[in-house]
Each structure stands twice: as C-alpha cells, then as structure tokens.
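The next block holds one structure in the form of structure tokens; read it before the comments.
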Amino acid sequence: ISNFDAIYGLPDLRELSVHDYARLDLTRTPKLESLFVTDGPGLTGLENLPHLQRLQAWAWRRSDLSDFRLPRLTSLTLIQATIRALHG
C-alpha cells in the first residue's frame with residue numbers, strides 16, 4: 001500500500017492491521033488502541049501512541065523500547081525479533 005490518506009481520514013480509528021507499506025505515519029492515528037504491524041523502515045510514530053493497549057509487531061528492528069511512551073500498553077507480542085533485551 002503506497003497511500004494511507006483514507007486511513008488518516010478516519011479520526012476515530014481504534015484498530016489497524018497492516019504489513020505491507022511504503023510509509024506509515026502513526027502520529028496521524030493517535031486514537032489507536034490495537035496495532036498489528038511489520039516494523040519496516042517506513043514506519044514512524046510508533047513511539048508515542050497514548051491510547052495503544054495491544055501491539056503485535058513482526059520483524060522487530062529496534063534494539064530496545066527506551067523511546068516508547070505507551071502508558072496504556074497491556075499486551076506486547078514481538079515476532080521474529082532480533083532484540084536481546086527489553087530496556088525502556
């Protein structure tokens with residue numbers, strides 16, 4: 001998927017599942033509560049989703065969670081992750 005303008009136009013979007021994208025700016029979906037995503041190079045804004053409760057991420061590329069501000073997160077699943085420690 002190369003264009004997410006329609007998704008960004010849904011102000012009350014609470015759940016999103018997407019695995020193939022060129023660019024995905026999650027700062028434009030601030031009310032997300034549940035996210036299923038591949039951690040690709042075009043993914044931005046995951047660090048600060050104030051309502052996110054559930055995150056499932058494939059191919060996790062990040063080394064830790066120190067930049068994350070996810071105060072409501074209750075479920076975290078990292079699939080095919082190269083991470084060695086959960087710092088942050």
Side-chain angles (χ1 to χ4, degrees):
I1 301 173
S2 61
N3 186 328
F4 280 90
D5 287 347
I7 296 293
Y8 299 144
L10 300 170
D12 294 322
L13 184 66
R14 301 279 195 262
E15 185 171 323
L16 179 62
S17 178
V18 63
H19 298 285
D20 187 17
Y21 54 85
R23 291 193 320 211
L24 177 59
D25 181 5
L26 295 175
T27 62
R28 297 180 66 184
T29 58
K31 293 185 179 180
L32 278 183
E33 296 173 356
S34 183
L35 177 63
F36 304 88
V37 69
T38 299
D39 185 21
L43 183 66
T44 59
L46 179 57
E47 301 81 14
N48 190 16
L49 290 172
H51 300 285
L52 194 67
Q53 298 172 23
R54 184 174 182 197
L55 172 61
Q56 274 194 355
W58 284 261
W60 192 256
R61 301 173 302 116
R62 300 149 200 262
S63 61
D64 61 35
L65 303 174
S66 60
D67 292 337
F68 281 53
R69 303 295 177 259
L70 307 172
R72 295 188 182 177
L73 194 68
T74 60
S75 176
L76 174 64
T77 304
L78 302 177
I79 301 162
Q80 296 174 339
T82 59
I83 194 170
R84 294 181 184 255
L86 291 177
H87 300 286

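- Between Tyr21 and Asp39, the shortest heavy-atom distance links the atoms OH-C, 3.9 Å.
- Scanning all heavy atoms of the two residues, the minimum distance from Thr38 to Leu43 falls at O-CD2, 4.2 Å.
- Hydrophobic clustering of Ile, Leu, Val, Met, Phe, Trp and Tyr side chains at less than 4.5 Å, counting indirect connections, unites Ile7 with Val18.
- Between Phe68 atom CZ and Leu76 atom CG the span is 8.5 Å, to the nearest 0.5 Å.
- Separation of atoms CG (Leu16) and CD (Glu33) is listed at 12.5 Å; rounding is to 0.5 Å.
- Listed here is the closest heavy atom pair of Leu49 and Leu35: CD1-CD2, 4.5 Å.
- Nearest heavy-atom pair, Pro50 versus Pro30, reported as atom, atom and distance to 0.1 Å: CD-O, 4.0 Å.
- For the atom pair CZ (Arg54) and OG1 (Thr77), the distance works out to 6.5 Å, reported to the nearest 0.5 Å.
- Using bins of under 30°, 30° to 60° and over 60° for the plane-to-plane angle, the ring pair His19/Trp58 lands in the perpendicular bin.
- By the neighbour-count criterion of 12 heavy atoms within 6.0 Å, atom CG of Asp20 is sparsely surrounded, having that number or fewer from other residues, nucleotides or ligands.
- To the nearest 0.5 Å, atoms OG (Ser34) and CD (Glu15) are separated by 4.0 Å.
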Item to check | Step-by-step side chain to side chain contact (heavy atoms under 4.5 Å, CB included) determination, Arg69 to Glu47 | outcome: CA-CA 6 Å; Arg69 303 295 177 259; Glu47 301 81 14; over 6 Å; no

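- Val37 and Leu73 fall within the same hydrophobic cluster, where Ile, Leu, Val, Met, Phe, Trp and Tyr residues are linked whenever their side-chain heavy atoms come under 4.5 Å apart, directly or through other members.
- The side-chain contact (heavy atoms from CB on, under 4.5 Å) test with Thr29 is passed by exactly one of Leu32, Asp25, Thr27: Leu32.
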Item to check | Derivation and outcome, side chain to side chain contact (heavy atoms under 4.5 Å, CB included), residues Leu26 and Leu52 | outcome: CA-CA 11 Å; Leu26 295 175; Leu52 194 67; over 6 Å; no

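- Listed for the Arg61 side chain is a donor-acceptor partner under 3.5 Å among the backbone atoms of Gly40.
- Between the CD1 atom of Ile79 and the CH2 atom of Trp60 there is a distance of 11.5 Å, given to the nearest 0.5 Å.
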